[in-house]
Every structure is written in C-alpha cells, then in structure tokens.
Amino acid sequence: MPELIAPTVDLRDSWMESTSEWRGAHQDGAGLWEADDLSTVEGFAAWTQRLREQSAAEEVTPDRVPASYWWIVEGGTYLGAISLRHALNDKLLEAGGHIGYGVRPSARGRGVATWALGAALDRARERGIDRVLITCDDGNIASARTIERNGGVLEDVRETWLGLARRYWITL
C-alpha cells in the first residue's frame with residue numbers, strides 16, 4: 001500500500017532513478033524550481049528541506065503560494081509526488097489549481113494517482129479548505145479520470161498559461 005511522506009534525502013537514489021523515466025519532462029507536484037541543483041547530495045538535501053519548510057510558510061515568493069509537498073512511496077520506492085497549495089493566486093486560479101501531482105511512468109496504471117489525490121484531498125479538508133481546484137492538460141485523459149474518480153466536476157476547458165486545460169472543482 002502506498003503512503004504519503006514528507007520529502008526526504010533518504011530516498012534520493014530512488015528519486016534519481018525515477019528521473020530517467022520522465023525523459024526531461026516536468027514532474028508535476030514535485031516542487032522543482034529552476035535554481036534547484038539535485039546533482040549533489042547537498043543540493044538534494046537543500047531542496048527537500050525547502051519543500052518541508054514551505055508547508056509552514058506564510059509567504060514564499062511574490063509569484064508563489066505556501067504549499068505542502070508529499071512523496072508517494074511504496075516499499076521504500078519513490079512513485080511520485082503530490083502538492084497542496086494552501087491558497088490560489090490569480091495565476092493558479094487560471095491553471096495549476098490547489099493540487100498538482102505526478103506519478104513516475106513505471107508506476108502508472110495501478111491507481112496510485114487516484115489514491116494519492118484522495119489522500120491529498122483529506123489533507124486539504126484538514127487544513128480547512130472547502131473547495132479545491134485541480135487542472136490538467138486537456139489531452140491528459142488519465143489525469144482527467146483520476147480527478148473525476150475523486151469527485152471532480154468539470155467547470156470548463158480553456159486556453160491558459162499552461163496551454164489548453166481542463167478545470168475541475170471538488171467540494172470537500
């Protein structure tokens with residue numbers, strides 16, 4: 001059974017192994033910033049520390065909001081990441097939403113994303129968030145199904161700063 005855990009340097013080898021599966025693609029939910037240097041243990045440790053600290057932050061940067069980050073782990077193997085943004089700014093209200101997630105390709109098709117999204121919705125409810133926006137690329141049918149399985153109601157499909165996006169709301 002998978003679990004959500006705080007990002008940790010202890011899983012660096014598994015996380016690094018997963019990056020080869022992404023083939024340079026962005027890992028939604030991972031909290032990577034362009035300045036993050038994950039090539040060294042020290043850089044990786046600094047990144048995981050920033051992710052843990054950001055969940056308690058009142059303010060991050062002018063264009064970012066506080067968020068909680070978790071890794072989806074099973075049997076000591078990194079399967080993916082999921083993040084919960086504690087609030088929305090104008091940019092996230094258009095696309096991005098409250099929750100972002102990504103599951104490594106070798107772990108897809110097993111219900112991992114559906115489970116992780118459900119667990120993140122529980123955490124959102126615990127934070128007092130009563131309505132959650134989740135978006136996905138219009139062509140990402142697997143992600144759309146994941147959101148719909150967790151009660152997502154499609155508001156619209158629109159052109160956004162992320163491209164053509166499906167926008168779903170879930171009332172908690």
Side-chain angles (χ1 to χ4, degrees), residues 1-8 11 14-19 21-33 36 38 47-48 50-52 54-55 60 64-75 77-89 91-127 129 131-155 157 160-172:
M1 176 94 180
E3 61 182 327
L4 295 184
I5 67 165
T8 175
L11 289 175
S14 183
W15 193 93
M16 295 301 284
E17 176 186 295
S18 80
T19 62
E21 296 177 26
W22 291 90
R23 300 177 192 223
H26 174 74
Q27 294 184 40
D28 289 329
L32 287 168
W33 294 2
D36 291 325
L38 308 184
W47 171 58
T48 58
R50 176 180 55 79
L51 295 180
R52 290 190 306 273
Q54 191 172 337
S55 70
V60 182
R64 297 187 184 268
V65 298
S68 296
Y69 294 90
W70 300 282
W71 286 356
I72 308 162
V73 175
E74 185 173 49
T77 300
Y78 172 87
L79 302 180
I82 191 160
S83 61
L84 169 65
R85 297 172 194 98
H86 304 168
L88 298 179
N89 57 24
K91 188 175 181 180
L92 292 170
L93 186 57
E94 179 187 357
H98 286 94
I99 297 176
Y101 56 88
V103 173
R104 70 191 286 178
S106 63
R108 293 177 184 166
R110 302 182 353 205
V112 171
T114 300
W115 173 85
L117 179 55
L121 291 170
D122 289 342
R123 308 266 176 111
R125 192 176 295 109
E126 291 167 6
R127 289 195 69 83
I129 300 172
R131 193 166 178 243
V132 173
L133 174 66
I134 307 173
T135 70
C136 67
D137 292 343
D138 185 46
N140 190 340
I141 302 305
S143 190
R145 287 187 182 137
T146 293
I147 298 165
E148 291 165 359
R149 284 186 191 113
N150 277 281
V153 176
L154 182 66
E155 178 181 62
V157 178
T160 72
W161 60 276
L162 287 173
L164 192 60
R166 301 175 68 85
R167 299 175 70 256
Y168 290 89
W169 287 95
I170 298 176
T171 301
L172 302 177

> Where is the tightest heavy-atom contact between Ala95 and Thr160, given as atom of each residue plus distance?
Replying inline: CB-OG1, 3.4 Å
> Any side-chain heavy atom of Leu133 sitting closer than 4.5 Å to one from Arg167?
Replying inline: yes
> What are the two closest non-hydrogen atoms of Trp70 and Arg123, and how far apart are they?
Replying inline: NE1-NH1, 2.7 Å
> Any salt bridge between Arg108 and Glu21, counting N to O under 4.0 Å?
Replying inline: no
> Is the shortest heavy-atom distance from the side chain of Ile5 to the side chain of Leu11 under 4.5 Å?
Replying inline: yes
> Can you tell me how far CG of Leu84 sits from CD1 of Ile134, rounded to the nearest 0.5 angstrom?
Replying inline: 9.5 Å
> Where is the tightest heavy-atom contact between Val65 and Ala87, given as atom of each residue plus distance?
Replying inline: CG2-O, 3.3 Å
> Can you name the nearest heavy-atom pair linking Ala144 to Cys136, along with the distance?
Replying inline: N-SG, 3.8 Å
>> When you compare the side chain of Leu117 with that of Ile147, does any pair of heavy atoms fall below 4.5 Å?
In response: yes
>> For Leu172 versus Ala124, what's the shortest heavy-atom pair and its separation?
In response: CD1-CB, 3.7 Å
> Does the side chain of Thr77 reach to within under 4.5 Å of the side chain of Arg104, using non-hydrogen atoms?
Replying inline: yes
> In Å and rounded to the nearest 0.5 Å, what is the CD to OG1 distance from Glu148 to Thr114?
Replying inline: 10.5 Å
> To the nearest 0.5 Å, what is the distance between CG (Asp122) and CG (Leu4)?
Replying inline: 9.5 Å
>> To the nearest 0.5 Å, what is the distance between CG on Leu164 and OG1 on Thr135?
In response: 11.0 Å
> Rounded to the nearest 0.5 Å, how far apart are CD1 of Ile129 and CD1 of Ile99?
Replying inline: 7.5 Å
>> Is there a side-chain contact between Tyr69 and Thr48 in this structure, where contact means two heavy atoms from C-beta onward sitting under 4.5 Å apart?
In response: no
> CZ of Arg145: more than 12 outside heavy atoms within 6.0 angstrom?
Replying inline: no
> Taking all atoms of both residues into account, what is the closest heavy-atom pair of Thr8 and Arg52, and its distance?
Replying inline: CA-NH1, 4.1 Å
> Is there a side-chain contact between Ser55 and Arg127 (heavy atoms, below 4.5 Å)?
Replying inline: no
> Taking C-beta and beyond as the side chain, do Pro7 and Trp47 meet within less than 4.5 Å on heavy atoms?
Replying inline: no
> Any sub-3.5 Å donor-acceptor pair from Asp137's side-chain atoms to Gly139's backbone N or O?
Replying inline: no
>> Less than 3.5 Å apart, any donor N or O on the side chain of Trp15 or Tyr78 sitting next to an acceptor on the other?
In response: yes
> Got a donor-acceptor contact below 3.5 angstrom from the Glu155 side chain to the Tyr168 backbone?
Replying inline: no
>> Quick check on side-chain contact (heavy atoms from CB on, under 4.5 Å): which of Asn150, Leu79, Ile72 does Trp115 satisfy it with?
In response: Ile72
> Do the side chain of Arg85 and the main chain of Leu92 share a donor and acceptor less than 3.5 angstrom apart?
Replying inline: no
> Say you draw a straight line from CD of Glu17 to OG of Ser106; how long is it, rounded to the nearest 0.5 Å?
Replying inline: 7.5 Å
